[in-house]
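The structure under discussion appears below in the form of structure tokens.
Just so we're on the same page: letters track the sequence lines, and every chain starts at 1. Side chains included, hydrogens not; waters and symmetry mates left out as well; all remaining heavy atoms used.
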2 protein chains.
Amino acid sequence: MSLIQPHNPAAGAERHYGDRQEFMTESTPANMHFHVVSGGARLFKSLPDGRRQIIGFASRGDVLPAYPCTHYHYSAEAMHTLRVACVPAPYLRHLHETSPGACAASLHTARQLLIGLHGRLLMLGRQTARERLAAFLIGQGTRMGQDALWPVDPAISRADMADFLGLTTETVSRLLSAFHREKLISRQRRAIHILDLDRLRAIVAHSG
Amino acid sequence: MSLIQPHNPAAGAERHYGDRQEFMTESTPANMHFHVVSGGARLFKSLPDGRRQIIGFASRGDVLPAYPCTHYHYSAEAMHTLRVACVPAPYLRHLHETSPGACAASLHTARQLLIGLHGRLLMLGRQTARERLAAFLIGQGTRMGQDALWPVDPAISRADMADFLGLTTETVSRLLSAFHREKLISRQRRAIHILDLDRLRAIVAHSG
DNA sequence: CGCCACCTTGACAACTTTCAAGCCTAGTGG
DNA sequence: CCACTAGGCTTGAAAGTTGTCAAGGTGGCG
């Protein structure tokens with residue numbers, strides 16, 4: 001769910017934010033990129049009546065760019081605590097104009113993001129709640145690479161999963177209970193571990 | 001719905017495709033970019049059981065890039081007739097590595113696509129069928145700029161709208177009838193015209 | 001003129017949400 | 001140290017939106 005892979009840590013003031021503090025607001029003038037130093041952030045868009053869709057999660061090393069350079073086109077808020085470095089937009093622009101390597105790197109990450117979003121379009125448009133949650137759990141489990149299975153990031157609440165998957169917290173909760181009954185996952189405290197990756201994969205691909 | 005804005009028309013063989021011919025297939029080795037010379041194309045991803053989600057439509061000037069340079073990550077098929085110029089992947093890569101301007105242009109279009117996709121995530125995840133269709137009609141009406149209102153591209157069928165919006169053709173058809181009854185649109189032949197843009201906008205933003 | 005693909009409409013079913021309790025857990029203050 | 005409280009999580013029952021299945025309608029093209 002990263003937004004843009006690491007650039008050189010750019011010079012710029014560092015800022016701290018507390019739990020649920022919004023540090024980037026949609027439709028607000030944009031002149032800063034934010035480079036996540038530590039902690040995590042939710043990136044989201046919302047409708048006037050409060051419905052919200054999480055676009056992605058950002059963590060250490062990700063850059064939240066202010067692309068159109070006029071306004072941010074989504075909002076971002078801290079999960080637990082967050083430290084970001086502010087990168088002036090002109091700085092990165094200048095870097096892109098002068099260094100082909102930097103520009104190519106940004107292009108590469110933008111394209112990776114596009115691929116991910118195309119997949120999520122398919123998920124939100126055509127998959128059932130059960131399939132979406134299974135896909136999310138797999139994504140969380142393999143987020144550090146295919147070698148090991150990680151538990152779901154404990155900073156991600158039911159409400160976050162729901163906003164990410166286009167569901168309600170109740171539906172997420174019910175499905176997690178179902179997966180637990182079916183021994184696909186284990187739940188201890190808030191931690192969710194994958195027990196049967198293959199069967200989860202079958203749920204996503206096929207309509208199981 | 002364009003995929004990538006015009007580059008210099010690159011050298012490369014030109015190809016013709018007939019209605020519904022698939023010229024780019026997901027998970028297939030990728031070594032060519034396609035530059036649309038004329039006609040239109042549907043870009044989509046599908047699930048093993050046939051459910052499909054249209055990612056976007058491509059028309060004259062758009063470039064369908066083979067980014068990860070190993071496999072295409074979505075499929076594309078001709079709408080009616082299509083002419084594309086094939087651009088060898090190494091050609092564009094070389095251009096990006098040597099010309100900062102070309103790379104910056106690609107980055108810019110990739111970012112525009114990202115912004116569009118973020119909006120569609122919100123649409124598919126959180127908006128009702130009625131809101132989605134209204135948003136689609138507005139997008140079609142203003143696709144050539146804010147000055148004039150265009151009818152929906154007649155090459156786009158009910159099934160296309162459904163696959164784009166994550167709905168069924170029946171739902172699309174019922175909603176179009178409802179919009180017609182409410183005098184929001186007119187339907188003559190296959191052509192759909194917007195009659196009341198403001199009210200359509202109200203449906204999208206607010207939950208009307 | 002007739003066929004075929006696409007579109008429309010209806011009735012019904014299914015999935016997901018909504019509304020409403022109740023529960024658990026962690027953090028707080030007595 | 002323990003009870004209390006607040007927020008998040010779980011579960012149930014009912015409602016609503018959208019999908020499914022099925023039957024016509026319509027227009028274009030051979």
Side-chain angles (χ1 to χ4, degrees), chain A residues 18-20 42 47 49-53 79-81 123-134 136-137 151-182 185-192 203 207-208, chain B residues 18-20 42 47 49-53 79-81 123-134 136-137 151-182 185-192 203 207-208:
Chain A
D19 193 33
R20 222 161 290 209
R42 275 178 273 277
L47 289 165
D49 63 0
R51 283 174 288 177
R52 102 176 182 171
Q53 174 68 42
M79 299 170 79
H80 201 57
T81 61
M123 176 179 95
L124 291 177
R126 290 302 184 199
Q127 289 190 287
T128 65
R130 189 175 161 85
E131 291 165 344
R132 293 185 212 176
L133 185 58
F136 172 78
L137 292 174
V152 174
D153 181 341
I156 296 178
S157 68
R158 300 293 180 268
D160 288 333
M161 297 186 207
D163 287 342
F164 185 81
L165 299 173
L167 302 170
T168 58
T169 61
E170 291 95 328
T171 299
V172 170
S173 190
R174 274 188 256 271
L175 286 170
L176 284 174
S177 297
F179 284 174
H180 190 221
R181 271 196 303 279
E182 300 169 37
I185 60 172
S186 72
R187 289 191 291 182
Q188 33 202 320
R189 305 266 161 216
R190 249 185 102 159
I192 299 174
I203 290 174
S207 41
Chain B
D19 193 35
R20 222 162 290 206
R42 273 179 274 278
L47 289 166
D49 62 0
R51 282 174 289 176
R52 104 176 180 169
Q53 174 69 41
M79 300 169 78
H80 200 58
T81 59
M123 177 180 96
L124 291 177
R126 290 304 186 197
Q127 290 191 287
T128 64
R130 189 176 161 84
E131 291 165 343
R132 292 185 214 178
L133 184 59
F136 173 77
L137 292 173
V152 174
D153 181 341
I156 296 177
S157 67
R158 299 290 181 269
D160 289 333
M161 296 186 209
D163 287 341
F164 185 80
L165 299 172
L167 301 171
T168 58
T169 62
E170 291 95 330
T171 299
V172 170
S173 191
R174 276 188 255 271
L175 286 171
L176 284 174
S177 298
F179 284 174
H180 190 222
R181 272 196 302 279
E182 299 170 37
I185 60 172
S186 72
R187 288 191 291 183
Q188 33 202 323
R189 305 262 162 219
R190 246 183 105 158
I192 299 172
I203 290 173
S207 41

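Across the protein-nucleic acid pair, B:R126 atom CZ and C:dT17 atom P stand 7 Å apart, rounded to whole Å. With rounding to whole Å, A:R187 atom CZ is found 13 Å from C:dC24 atom P. Taking atom CD1 of A:I192 as the reference point, atom C1' of D:dG8 lies 13 Å away to the nearest angstrom. For the pair A:L124 CG and C:dC15 P, the computed distance is 19 Å after rounding to whole Å. We find that CE of B:M79 is positioned 12 Å from P of C:dC6, with the value rounded to whole Å. Note: CG (B:L176) to C1' (D:dG25) measures 17 Å, nearest angstrom. The CD atom of B:E131 sits 12 Å away from the P atom of D:dT17 (whole-angstrom rounding). At whole-Å resolution of the value, CG in A:L167 and P in C:dT18 are 11 Å apart.
A donor and an acceptor atom never sit less than 3.5 Å apart when one is taken from the side chain of B:R189 and the other from the base of D:dG28. Contact annotation: side chain of B:R51 to base of D:dT20, donor-acceptor pair absent below 3.5 Å.
Backbone-only contact: A:R190 has heavy atoms under 4.0 Å from sugar-phosphate atoms and none from a base. Nucleic acid contact for A:S173: base, since at least one base atom lies under 4.0 Å from a heavy atom of the residue. Within 4.0 Å of A:R20, counting heavy atoms only, lie sugar-phosphate atoms of the nucleic acid but no base atom.
B:R126 places no side-chain N or O within donor-acceptor distance of the main-chain N or O of A:R51, the cut-off being under 3.5 Å.
Both B:R158 and A:T171 sit near DNA chain C, but only B:R158 has its closest nucleotide nearer the 5' end.
Of the listed nucleotides (C:dA11, C:dT16, D:dT11), C:dT16 has the atom at the smallest distance from the side chain of A:T128.
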